[in-house]
Amino acid sequence: MDEVDMELEKAFQSKIDAELKIEPKDWMPDAYRKTLVRQMSQHAHSEVVGMLPEGNWLTRAPSLKRKAILMAKIQDEGGHGLYLYSAAETLGVSRDEMYEQLHSGKAKYSSIFNYPTLNWADIGAIGWLVDGAAITNQIALCRCSYGPYARAMVKVCKEESFHQRQGYEIMMNMSNGTKEQKEMAQDAINRWWWPALMMFGPHDKNSDHTSQSMTWKIKRTSNDELRQRFVDATVPQADYLGLTVPDDKLAWNEETQSYDWGEIDWDEFRNVVAGNGLCNRERLQTRRDAHDGGKWVRDAALAYAEKQKKRMADKAA
Ligand code: 3HC
């Protein structure tokens, strides 16, 4: 790295250390830009793919009210995806490039969305646990050093808290419902608890990016710290519902004032991230089909924009 770049890098890091936001037009190291494009585009992919497991239950919602709430949530997730794709585009990556990375299987999205939604209790568990984990992670991202990402998270977090509450309300109704409903709620937490913990990523010691991302204040809190925060907040909620967290090593530690708990099945995590989860292929194919099916809308919008541009040019001539 030559003298000039070293100076630029030094000035960049002191801006970050002074808690100043990095904006799209600011100088930034290529590696900073690269890791943000990676994380933000994968975050956006997660939002958009995350619509699919819940979409499966739109036509099966138990009441019109529940259907309307679920519809609103799924629309929010789509909006979060578009928000994040737009924020990522400020770093110079195009929407088409990001879509291509997702549809070709090159880009990751959160492993959690490769699990099937078997019944209505899963919709409750997703809102409560998945959106709950997402909020824990995204609250920290509101303080991310990259301005557009941090600002996008403020709106996203407001909507996520509604998502989490509506999910918890479903779990409360079912836990206080019939014997079968309570069993469904327990079965749902049995299947979604550990995959939700995987959302926070590998242990810090095995994370490729955490240390550099913490120096650049992209990450404000490490994977393990956020995961522990989520466990400590969620176990009392499960207790309140009368549900058992599926971890026989879970125990309150008076000394640390937090829960000790078991170990994630990292083979399962790696297997799902590698594309061999229960629903990976189906999710990606659904995304590809939706993209192909929506081509006519993109073509029409582009044609209209072209026409408008020509009309303005003719008017100006
Ligand atoms: N699923 C898939 N891949 C995962 C993963 C998971 N649960 N956890 C980690 N990974 C991947 C990382 O992407 C990275 O791979 P890459 O280099 O090819 O991108 C690798 O595993 C190593 O992990 P690291 O912890 O070192 O990577 P990061 O520093 O990027 O941390 C992260 C991972 C905590 C997920 C971070 O990327 C992040 O905070 N992302 C933004 C939040 C996000 O994407 N959340 C996903 C869910 S969004 C959601 O739930 C929406 C809600 O509305 C339902």
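Indexing begins at 1, ligand by ligand and atom by atom, following the structure's order.
For the 3.5 Å distance criterion, the side chains of Gln42 and Gln39 fail to qualify, holding no donor opposite an acceptor.
Checking only distances, Asn223 does come within under 3.5 Å of ligand 1, N or O to N or O. Taking only nitrogen or oxygen atoms, main chain and side chain alike, Tyr149 does not reach within less than 3.5 Å of ligand 1. Polar contact with ligand 1: present for Ser111 (N/O pair, distance under 3.5 Å). When only interatomic distances are considered, the shortest N/O to N/O separation between Arg38 and ligand 1 falls below 3.5 Å. Looking at Lys108 next to ligand 1, an N or O pair under 3.5 Å apart turns up. At under 3.5 Å, a nitrogen or oxygen of Met198, whether backbone or side chain, sits near a nitrogen or oxygen of ligand 1. Between Asn137 and ligand 1, at least one pair of N/O atoms sits closer than 3.5 Å. An N or O contact shorter than 3.5 Å is missing between His163 and ligand 1 by distance.
In the vicinity of Phe200, heavy-atom distances shorter than 4.0 Å reach the ligand 1 atoms 34 (C). Heavy-atom contacts of Tyr109 reach the following atoms of ligand 1: 1 (N), 2 (C) (cutoff under 4.0 Å). Close contacts between ligand 1 and Ala134 involve ligand atoms 49 (C), 50 (O), 52 (C) [criterion: under 4.0 Å to a heavy atom].
Not close to ligand 1: Gly50, with no non-hydrogen atom less than 4.0 angstrom away. Contact between Leu141 and ligand 1 is present, with at least one heavy atom of the residue lying under 4.0 Å from the ligand.
Between atom 23 (O) of ligand 1 and the options Ala196, Gly201, Pro202, the minimum heavy-atom separation is to Pro202. When Asp208, Asp224, Asn114 are ranked by how near their heavy atoms come to atom 20 (C) of ligand 1, first place goes to Asp208. Around atom 36 (C) of ligand 1, the closest heavy atom drawn from Gln39, Glu54, Met40, Arg227 belongs to Gln39. Checking Lys219, His80, His209, Gln42 against atom 31 (O) of ligand 1, the nearest heavy atom belongs to Lys219.
At the shortest separation from atom 26 (O) of ligand 1 among protein heavy atoms lies Ser207 OG, 2.6 Å. In terms of protein heavy atoms, atom 52 (C) of ligand 1 is closest to Glu160 OE2, 3.4 Å. The protein heavy atom nearest to atom 46 (C) of ligand 1 is Ser110 CB, 3.7 Å. The shortest contact between atom 10 (N) of ligand 1 and any protein heavy atom is with Phe269 CZ, 4.2 Å. The nearest heavy-atom contact from the protein to atom 35 (C) of ligand 1 is Met199 O, 3.9 Å. Of the protein's non-hydrogen atoms, Glu47 OE1, 3.3 Å is the one closest to atom 51 (C) of ligand 1.
Remark: Glu23 engages Arg151 in a salt bridge, criterion side-chain N to carboxylate O under 4.0 Å.
The backbone N or O of Thr244 lies less than 3.5 Å from a partner atom in the side chain of Gln186, making a donor-acceptor pair. Distance alone, capped at 3.5 Å, places no donor-acceptor pair between the Asn206 side chain and the His203 backbone. The backbone N or O of Gly127 lies less than 3.5 Å from no partner atom in the side chain of Glu54, so there is not a single donor-acceptor pair. In terms of modelled atom types and a separation under 3.5 Å, the side chain of Asn223 and the main chain of Phe200 share a donor-acceptor contact.
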Step-by-step side chain to side chain donor-acceptor pair (under 3.5 Å) determination, Trp120 to Gln181: CA-CA 10 Å; Trp120 183 253; Gln181 286 173 327; over 6 Å; no

Trace of the side-chain contact (heavy atoms from CB on, under 4.5 Å) decision for Lys73 with Asp131: CA-CA 10 Å; Lys73 174 185 190 310; Asp131 290 71; 3.1 Å; yes

Intermediate values then yes/no, side chain to side chain donor-acceptor pair (under 3.5 Å), Arg95 and Ser86: CA-CA 8 Å; Arg95 190 72 60 100; Ser86 304; 3.2 Å; yes

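Side-chain atoms of Val235 and Trp193, non-hydrogen and from C-beta on, do get closer than 4.5 Å to each other. His291 has its side chain within reach of Tyr99: a pair of non-hydrogen atoms, C-beta onward, lies under 4.5 Å apart. Using a 4.5 Å heavy-atom threshold, the side chains of Tyr83 and Glu47 count as separate. Side chains of Lys34 and Arg38 form no contact here, defined as non-hydrogen atoms less than 4.5 Å apart.
Evaluated for a side-chain contact (heavy atoms from CB on, under 4.5 Å) with Phe113, the options Val49, Val48, Asn280 yield exactly one hit, Val49.
Within the 4.0 angstrom cut-off, atom 42 (C) of ligand 1 has one or more protein heavy-atom neighbours.
Heavy atoms of Val272 found under 4.0 angstrom from ligand 1: none, in either backbone or side chain.
Within 6.0 Å of atom CG in Asp30, 12 or fewer heavy atoms from other residues, nucleotides or ligands are found, so the atom counts as exposed in its surroundings.
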